[in-house]
**Q** 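Quick one: structure below, then a few questions.
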Amino acid sequence: MDWLVTIATFLVNEVLSVPAFLIGLITAAGLLALRKPAGQTAGGAIKATLGFLLINAGAGLVVSSLAPLGEMIQGATGAHGVIPTNEAIVGIAQERFGARVAWLMIAGFGLGLLLARFTPLRYVFLTGHHMLFMATLLTVVLATAGLEAWAVVVVGGVLLGILLVSVPAFAHPWTKRITGNNSVALGHFGTAGYVTAGAVGQLVGRRSRSTEDMKLPEGLRFLRDSMVATALSMLLIYVTMAVVYVVEAGRHTAFQAFATGGGAPAEDLGDYLMRSVMQGLQFGISVAVILFGVRTILGELVPAFQGIAQKVVPGAVPALDAPIVFPYAPNAVLVGFLASFTGGLCTLALLAWLLGPAFGLALVLPGLVPHFFTGGAAGVFGNATGGRRGAVLGAFCNGVLITLLPAVLMKVLGAFGDENTTFGDADFGWFGSLVGFAAKAGGAGGIALMLVVGGAVLAGAVVVQKRVVDTGWDPGAHRDAAPPEAAVPGAAPSGASGGAALGAVEPGAGIGVPAQGSGATAGPDEAGPRRYPRVAPPLGAPAPPPPPEE
């Protein structure tokens, strides 16, 4: 029987414990369950494996490009500075915890399907990359707290499954306000920022006109390209910090920043500045490599998940990525991005001046990519309930959240708090911090506290679903009842979130795909609820399950 033990040991140690192989096997199992042909199953498994190897390759590039920047920030400000980039921190964490992340993600998705099947929260979370990001965050937090591998998978899987059905429920009153129906939900872990933006819009923008009544410069739309936006933001940050560092520390010390990790110091000032430019561009390439790896994995893994979901939870509401709301208010996306970035800069100043020295928080530098996607979606939510004022102030609050919460999250990431990058979106910050501080209790007490946190989130989501979503509460009803500040001929009613303007949007505006429907919107004096056209999923998203019968 020794040969059986040898084979079992080989499979456990050399296959199932290697994340890339594990992801490939899971993908193959899902495709086989869907009765895909052998060739398609083998190809999908190989592509998923290669995608994971791409993530590891990108992670190495990220670490090397961030090392000099960390030295510059530390030397110039005396504080630890980080760039919140989900893909970067996930790529770094995969090298150490890849197998546990994969098992936790599978366990969480399975539990999420069961909760969607047997609770009022009938949402199927199909934003695969955010599932991967949250699975990685929970793995890092629980492993840092000292939990054994099996406990990380079990406890983390329970927490992830709860989030997958709870987060869409919290956002759904505002999502229905934007889309006008119950055909799609929002499945994205920036939900705390979106709900905040919608609530702020209710408070400040009752009579404010919609962002879709205004024209914005086309020159800003190039920022929708994530690789360009990432490279540009890092280039600006790198050059700024390089200049500040050389002024503060002098040339000799500043030039040594590029010797970090065994590199050669800069030779002169010109070489120093151009190396800073190159490192900023290198970071953009690194994140693009990781993104390509993530998309390669999910391109094979998510269809398998989706097919299983259709069989387990027929008629559930699909929860899709944040850009699903972009075509409803394209102007609000750009307004929200600019306002969110401004909020990030203001909060960075507050961290540097007060909160950092007082509480030992890291300096969180705003990046264009998280502020564009989460700030843009927050702008749409704020505009839906508060027009221009709601879009600006709501997205500003989102910028505050995604700058302050990552700084708090760094306290529970252990050694990963020194990686010069972290998780960026709002839900990673608040939920990761709650779970991390609960885990510090240690042992059974820590596990119990974490499960209490998860139970409280689940109970809150059920209450919101039953008493808010199912009752048809409209967060913008007060806005529909109020006249706009000034009538604009041919413009959308002020209560609209931009749906009326959708018919004029060119195909592909916002997310690269045309919106469906004619764009017709009920006027303010017409009977019945305001309805908006259904929007197509963002480019590359899986086809959602059929909506429930209404």
**Q** Assess whether side-chain contact (heavy atoms from CB on, under 4.5 Å) is satisfied between Asp213 and Arg388, documenting all intermediate values.
**A** CA-CA 9 Å; Asp213 297 342; Arg388 298 179 187 179; 3.5 Å; yes

**Q** Report the residues that fulfil side-chain contact (heavy atoms from CB on, under 4.5 Å) with Leu203, sequence neighbours left out, ordered by chain and then residue number.
**A** none

**Q** For the backbone of Thr211 and the side chain of Asn383, can you confirm whether one donor and one acceptor N or O come within less than 3.5 Å of each other?
**A** yes

**Q** Identify, with sequence neighbours excluded, every residue that meets side-chain hydrogen bond (donor to acceptor under 3.5 Å, both in side chains) alongside His188.
**A**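 Expected list: His130, Tyr194.
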
**Q** Can you check side-chain contact (heavy atoms from CB on, under 4.5 Å) on Val462 and Arg467, steps first, answer last?
**A** CA-CA 8 Å; Val462 170; Arg467 298 189 179 181; over 6 Å; no

**Q** Provide the closest heavy-atom pair for Pro120 versus Lys466 in the form atom of the first, atom of the second, distance.
**A** CG-CE, 3.6 Å

**Q** Applying side-chain contact (heavy atoms from CB on, under 4.5 Å), can you list everything that pairs with Ile162, at least two apart in sequence or on another chain?
**A**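 Ile162 satisfies side-chain contact (heavy atoms from CB on, under 4.5 Å) with Leu115, Val158, Ser166, Val457, Leu458 once adjacent residues are dropped.
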
**Q** Just verifying a value: how many Å separate Leu160 CG and Leu138 CG, rounded to the nearest 0.5 Å?
**A** 6.0 Å

**Q** Mind checking side-chain contact (heavy atoms from CB on, under 4.5 Å) for Val140 and listing every partner two or more places apart, or none if nothing turns up?
**A** Ala93, Phe97, Thr136, Thr144, Leu413, Phe416

**Q** For the side-chain contact (heavy atoms from CB on, under 4.5 Å) test, which of Leu159, Leu163, Val167, Asp425 pairs with Met134?
**A** Leu163

**Q** Looking at residues at least two apart in the chain, or sitting in another chain, which of them share a side-chain contact (heavy atoms from CB on, under 4.5 Å) with Val400?
**A**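 Partners of Val400 under the side-chain contact (heavy atoms from CB on, under 4.5 Å) test: Thr347, Phe396.
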
**Q** Among all residues two or more places apart in sequence or in another chain, which pass the side-chain hydrogen bond (donor to acceptor under 3.5 Å, both in side chains) test with Arg122?
**A** none

**Q** Which pairs count as side chain to side chain donor-acceptor pair (under 3.5 Å) when at least one residue sits in residues 352-365, sequence neighbours excluded?
**A** none

**Q** Restricting to side-chain hydrogen bond (donor to acceptor under 3.5 Å, both in side chains), what partner residues turn up for Thr175, sequence neighbours left out?
**A** none

**Q** Checking Asp474 now: which residues fulfil salt bridge (charged side-chain N to carboxylate O under 4.0 Å, His left out) with it, not counting sequence neighbours?
**A**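 Result, salt bridge (charged side-chain N to carboxylate O under 4.0 Å, His left out) vs Asp474: Arg177.
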
**Q** List the atom of Gly386, the atom of Ser208, and the distance in Å for their closest heavy-atom pair.
**A**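 That would be O-CB, 3.4 Å.
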
**Q** Would a distance-only check, ignoring hydrogens and angles, find a side-chain to backbone donor-acceptor pair under 3.5 Å from Asn398 to Ser340?
**A** no

**Q** I'd like to know whether CZ of Phe437 has more than 12 heavy-atom contacts from other residues, nucleotides or ligands below 6.0 angstrom.
**A** yes

**Q** Decide yes or no on side-chain contact (heavy atoms from CB on, under 4.5 Å) for Leu401 and Thr196, but give the supporting numbers first.
**A** CA-CA 9 Å; Leu401 288 178; Thr196 299; 3.8 Å; yes

**Q** Checking side-chain contact (heavy atoms from CB on, under 4.5 Å) for the pair Ser433/Leu405: CA distance, chi angles, key distance, verdict?
**A** CA-CA 8 Å; Ser433 298; Leu405 290 176; 5.8 Å; no

**Q** Can you tell me if Thr471 uses its side chain to pair, donor with acceptor, with the backbone of Val468 under 3.5 Å?
**A**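 Yes.
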
**Q** Please step through side-chain hydrogen bond (donor to acceptor under 3.5 Å, both in side chains) for the pair Asp321 and Thr127, ending with a clear verdict.
**A** CA-CA 5 Å; Asp321 202 354; Thr127 309; 4.8 Å; no

**Q** Given 3.5 Å as the limit, does a donor-acceptor pair link the side chain of Thr421 with the main chain of Ile83, or not?
**A**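 Side chain of Thr421 to backbone of Ile83: a pair is present.
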
**Q** Where does the angle between the aromatic ring planes of Trp174 and Trp473 fall among parallel (under 30°), tilted (30 to 60°) and perpendicular (over 60°)?
**A**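 Geometry flag for Trp473 against Trp174: perpendicular rings.
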
**Q** Restricting to pairs with a member in residues 426-435, which pass salt bridge (Lys or Arg N to Asp or Glu O under 4.0 Å), not counting sequence neighbours?
**A** none

**Q** Between Gln465 and Tyr123, is any side-chain donor less than 3.5 angstrom from a side-chain acceptor?
**A**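 Per modelled atom types, Gln465 and Tyr123 side chains form a pair under 3.5 Å.
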
**Q** What pair of heavy atoms forms the shortest contact from Phe428 to Phe133, and how long is it?
**A** CZ-CB, 3.5 Å

**Q** With a 3.5 Å distance limit and no angle check, can you tell me whether Glu212 reaches the backbone of Asn331 through a side-chain donor-acceptor pair?
**A** yes

**Q** Only counting residues at least two apart or in another chain, list the ones meeting side-chain hydrogen bond (donor to acceptor under 3.5 Å, both in side chains) with Glu87.
**A** none

**Q** Give the table of side-chain donor-acceptor pairs shorter than 3.5 Å for residues 354-362, with sequence neighbours excluded, one pair per line with atom names and distance.
**A**
none

